[in-house]
Engineer: 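Quick one: the structure is below, and I'll ask about it shortly.
Treat the numbers as computed from the prediction; the structure is a model and nothing was measured.
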Amino acid sequence: MSYLGETIGKLGFGLMRLPTLENGTIDIEQVKQMVDMYLGAGFTYFDTAWAYPGSEDAIRQALVERYPRSSYQLATKNAAWINCKTREEAIGQFETSLRQTGAGYFDFYLLHNIGEGRTRYFEDYDMWTFVQEKKAQGLIKHIGFSFHSTPEELEEVLTAHPEAEFVQLQINYADWDYPAVQSRRCYETARRFGKPVIIMEPVKGGLLANPPKQVLDILKAAEPESSAASWALRFAASLEGLITVLSGMSNIEQMQDNLATMKGFTGLDAEQRATLHKAQQALAAIPLIPCTTCNYCAKVCPNDIGISGSFTAMNYLTLYNDLAAAKHWEGWLVGGHGRKPASECLQCGECEQACPQHIAIRDELARVAAALKTD
């Protein structure tokens, strides 16, 4: 598969969730084995980031110092919105990444997690000009960005920055039509602008490796020997216009399963597509809070409660029965966006007057507070 002049296999090695030792440090020896297995299977794309603790240093030891630079592609990312008060601090992330990876240059360099309030940092610090300068110097081969927001904002970014050569998007069969993520519409927006796509979160942070029972039953009935994670990877990899599909592999077993799934993969057949459609229907049938994240409620809430973020977190808990993941999403979508938790709702009812879905918001927020123990 060739995009932007690069030949890349459909499986990318995401380096966000590397294996760790008992003391919490990255298990470099296991990472080396995983790198060897991955390259030995014919795949070449490694994805790290300045913001992934220890990841850039680990990939220097496991990959850069052990293989010819021309034998792989290395991607890393700039998160100008994390603790950067000046352009110099944002630019400094690039130099830090060069030093930590020892790679000499980056095949793919991404402005990391553009969207919502984070977008302005890249504009304020003129990071788009900076990455173009580094590309002209040969220190970056391809410029792009990762994105977690609405298709409308994605269109704005792509219109403002035609220099972006690719987009990295969260795409999986669970989020394909899920209102809080809108994978399908974001993918279609990128393709309409002619941008190839790198897929992240194809297994939804590992949640689709252990989906709800009614979903798992459908997948196992169709292919008893196939893992649930393999279905998620194949759904993502079957889309057109892809550079690669990233999988954040945390151990040798996950690497083995992913390689078995993706080596020689050419696409889903009609029966497999029908199975995944049934799985999506089963997910859609699970009773969730019908929030579309329009955030009309947020505009009228006198206490600045993170209503839609709370509902998204609660829906994660309902779907995957994973309290830690639900609390993570609540922390990101509520506190991380400067909103107050569900437990601080004043029960005034202003939000319910504004909600086009006619959700009993006060009752649902009370349920969230109890389930996630936000009080």
Side-chain angles (χ1 to χ4, degrees), residues 1-3 6-20 26-49 52 55 58-75 107-108 168 170-173 196-211 216 219-220 222-240 242-269 272-273 275-276 279:
M1 188 166 54
S2 179
Y3 281 100
E6 306 281 351
T7 300
I8 300 171
K10 282 194 173 183
L11 178 65
F13 189 172
L15 305 169
M16 184 180 185
R17 303 179 182 93
L18 294 174
T20 56
I26 292 174
D27 184 349
I28 297 296
E29 292 308 310
Q30 188 172 175
V31 175
K32 287 179 180 178
Q33 294 179 57
M34 294 167 71
V35 165
D36 294 346
M37 293 168 62
Y38 176 78
L39 288 172
F43 298 106
T44 58
Y45 189 99
F46 296 82
D47 171 87
T48 183
Y52 300 166
S55 178
I59 207 59
R60 185 193 74 252
Q61 297 178 63
L63 172 70
V64 176
E65 293 177 350
R66 300 173 63 238
Y67 284 92
R69 184 63 183 87
S70 60
S71 65
Y72 58 86
Q73 294 93 8
L74 183 61
D107 301 273
F108 293 78
Q168 184 163 305
Q170 176 175 327
I171 295 176
N172 55 69
Y173 71 80
V197 172
I198 294 171
I199 290 180
M200 58 181 161
E201 303 293 351
V203 193
K204 203 172 173 65
L207 291 175
L208 294 180
N210 186 28
L216 184 60
L219 302 180
K220 286 299 182 182
E223 294 181 8
E225 302 304 317
S226 295
S227 69
S230 76
W231 281 99
L233 275 178
R234 284 180 285 166
F235 171 86
S238 67
L239 296 172
E240 296 181 354
L242 303 184
I243 293 175
T244 196
V245 177
L246 300 175
S247 180
M249 293 171 273
S250 302
N251 54 53
I252 288 173
E253 291 72 27
Q254 291 177 7
M255 176 65 76
Q256 290 172 329
D257 185 55
N258 286 353
L259 291 178
T261 298
M262 298 301 293
K263 190 171 183 179
F265 177 74
T266 57
L268 296 167
D269 61 30
Q272 291 168 328
R273 290 181 184 277
T275 296
L276 279 166

Engineer: Quick one, Y52 and L18 - any side-chain contact, counting heavy atoms below 4.5 Å?
Structural biologist: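 Side chain of Y52 against side chain of L18, heavy atoms only: no contact under 4.5 Å found.
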
Engineer: Taking the side chain from T244 and the backbone from G12, do they hold a donor-acceptor pair closer than 3.5 Å?
Structural biologist: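 Checked: pair present.
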
Engineer: Could you please spell out the steps behind the side chain to side chain contact (heavy atoms under 4.5 Å, CB included) verdict for F46 and L39?
Structural biologist: CA-CA 10 Å; F46 296 82; L39 288 172; 3.9 Å; yes

Engineer: Determine yes or no for a side-chain-to-main-chain donor-acceptor pair under 3.5 angstrom, with Q30 supplying the side chain and I252 the backbone.
Structural biologist: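 Side chain of Q30 to backbone of I252, a donor-acceptor pair under 3.5 Å: yes, one is there.
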
Engineer: Might you work through the salt bridge (Lys or Arg N to Asp or Glu O under 4.0 Å) test for R234 and D269, ending with a clear yes or no?
Structural biologist: CA-CA 11 Å; R234 284 180 285 166; D269 61 30; over 6 Å; no

Engineer: Applying side chain to side chain contact (heavy atoms under 4.5 Å, CB included), can you list everything that pairs with K32, at least two apart in sequence or on another chain?
Structural biologist: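 Residues passing side chain to side chain contact (heavy atoms under 4.5 Å, CB included) with K32: I28, E29, A62, R66.
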
Engineer: For L74, is there any backbone N or O sitting under 3.5 Å from a side-chain donor or acceptor partner on D107?
Structural biologist: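 Answer holds: yes.
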
Engineer: Do any N or O atoms from the side chain of N172 and from the backbone of E201 form a donor-acceptor pair under 3.5 angstrom?
Structural biologist: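 Judged by distance alone, yes, a pair lies under 3.5 Å.
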
Engineer: Can you list the steps and then say if L239 with V197 is a side chain to side chain contact (heavy atoms under 4.5 Å, CB included)?
Structural biologist: CA-CA 10 Å; L239 296 172; V197 172; over 6 Å; no

Engineer: What's the shortest heavy-atom distance between P19 and S250, and which atoms?
Structural biologist: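 Nearest heavy atoms, P19 then S250: CB-O, 3.0 Å.
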
Engineer: Please round to the nearest 0.5 Å and tell me the distance separating atom CG of L11 and atom CE of M249.
Structural biologist: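 Answer for the CG-CE pair, L11 versus M249, is 4.5 Å.
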
Engineer: Is there side-chain contact between M262 and S247, with at least one heavy-atom pair below 4.5 Å?
Structural biologist: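 M262 does not reach S247 side chain to side chain.
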
Engineer: I want to check something: taking the side chain as every heavy atom from C-beta on, are F108 and I243 in contact at a cut-off of under 4.5 Å?
Structural biologist: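 Result yes, sub-4.5 Å side-chain heavy-atom pair found.
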
Engineer: Under the rule for side chain to side chain donor-acceptor pair (under 3.5 Å), what residues qualify as partners of Q272, not counting sequence neighbours?
Structural biologist: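 Testing Q272 for side chain to side chain donor-acceptor pair (under 3.5 Å), a comparison that skips the adjacent residues, returns E223.
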
Engineer: Within a strict 4.5 Å, meaning less than it, do heavy atoms of the T44 and S71 side chains meet?
Structural biologist: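 No - every pair of side-chain heavy atoms lies 4.5 Å or more apart.
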
Engineer: If every non-hydrogen atom of A209 is compared with every non-hydrogen atom of A228, which pair is closest and at what distance?
Structural biologist: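 In this case the closest contact between A209 and A228 is O-CB, 3.6 Å.
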
Engineer: For Y67 and D36: C-alpha separation, side-chain torsions, deciding distance, then whether side chain to side chain contact (heavy atoms under 4.5 Å, CB included) applies.
Structural biologist: CA-CA 10 Å; Y67 284 92; D36 294 346; 2.5 Å; yes

Engineer: Between Y173 and A279, what is the shortest heavy-atom contact and its length?
Structural biologist: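 Result for this residue pair: CE1-CB, 4.3 Å.
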
Engineer: Quick one: does any side-chain atom of S55 pair with a main-chain N or O of T48 as donor and acceptor, under 3.5 Å?
Structural biologist: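 The answer is no, because no donor-acceptor pair under 3.5 Å joins these two groups.
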
Engineer: Measure the CD1-NZ distance between I199 and K10 for me, rounded to the nearest 0.5 Å.
Structural biologist: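 Going from the CD1 atom of I199 to the NZ atom of K10 covers 9.5 Å.
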
Engineer: Hey, does L219 have a side-chain heavy atom less than 4.5 Å from the side chain of S226?
Structural biologist: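 Counting from C-beta outward, S226 and L219 never come under 4.5 Å.
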
Engineer: Could you give the distance from CE (M34) to CE (M255), rounded to the nearest 0.5 Å?
Structural biologist: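 Here the interatomic distance stands at 4.5 Å.
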
Engineer: Taking atom NZ as the centre, does K263 end up with more than 12 heavy-atom neighbours from other residues, nucleotides or ligands that are less than 6.0 angstrom away?
Structural biologist: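 For K263, atom NZ is not crowded (no more than 12 foreign heavy atoms under 6.0 Å).
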
Engineer: Below 4.5 Å, heavy atoms only, C-beta onward: do I198 and Y45 meet side chain to side chain?
Structural biologist: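 Yes, side chains in contact.
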
Engineer: For residues L208 and F235, determine if any side-chain heavy atom of one lies less than 4.5 Å from a side-chain heavy atom of the other.
Structural biologist: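 Answer no - side chains too far apart.
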
Engineer: Please assess F265 against L233 for the test side chain to side chain contact (heavy atoms under 4.5 Å, CB included), listing each intermediate value before the final yes or no.
Structural biologist: CA-CA 10 Å; F265 177 74; L233 275 178; over 6 Å; no

Engineer: Say you draw a straight line from CD1 of I59 to CD of E65; how long is it, rounded to the nearest 0.5 Å?
Structural biologist: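 The CD1 atom of I59 sits 11.0 Å away from the CD atom of E65.
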
Engineer: Say you draw a straight line from OH of Y38 to CG of N258; how long is it, rounded to the nearest 0.5 Å?
Structural biologist: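 One finds 10.0 Å between OH of Y38 and CG of N258.
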
Engineer: Just verifying a value: how many Å separate S227 OG and Q256 CD, rounded to the nearest 0.5 Å?
Structural biologist: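 Answer for the OG-CD pair, S227 versus Q256, is 12.0 Å.
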
Engineer: State, to 0.1 Å, how close Q254 and G248 come at their nearest heavy-atom pair, and which atoms those are.
Structural biologist: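 Heavy-atom minimum between the residues: OE1-O, 3.9 Å.
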
Engineer: When you compare the side chain of Q168 with that of L246, does any pair of heavy atoms fall below 4.5 Å?
Structural biologist: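 Of all side-chain heavy-atom pairs linking Q168 with L246, at least one is under 4.5 Å.
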
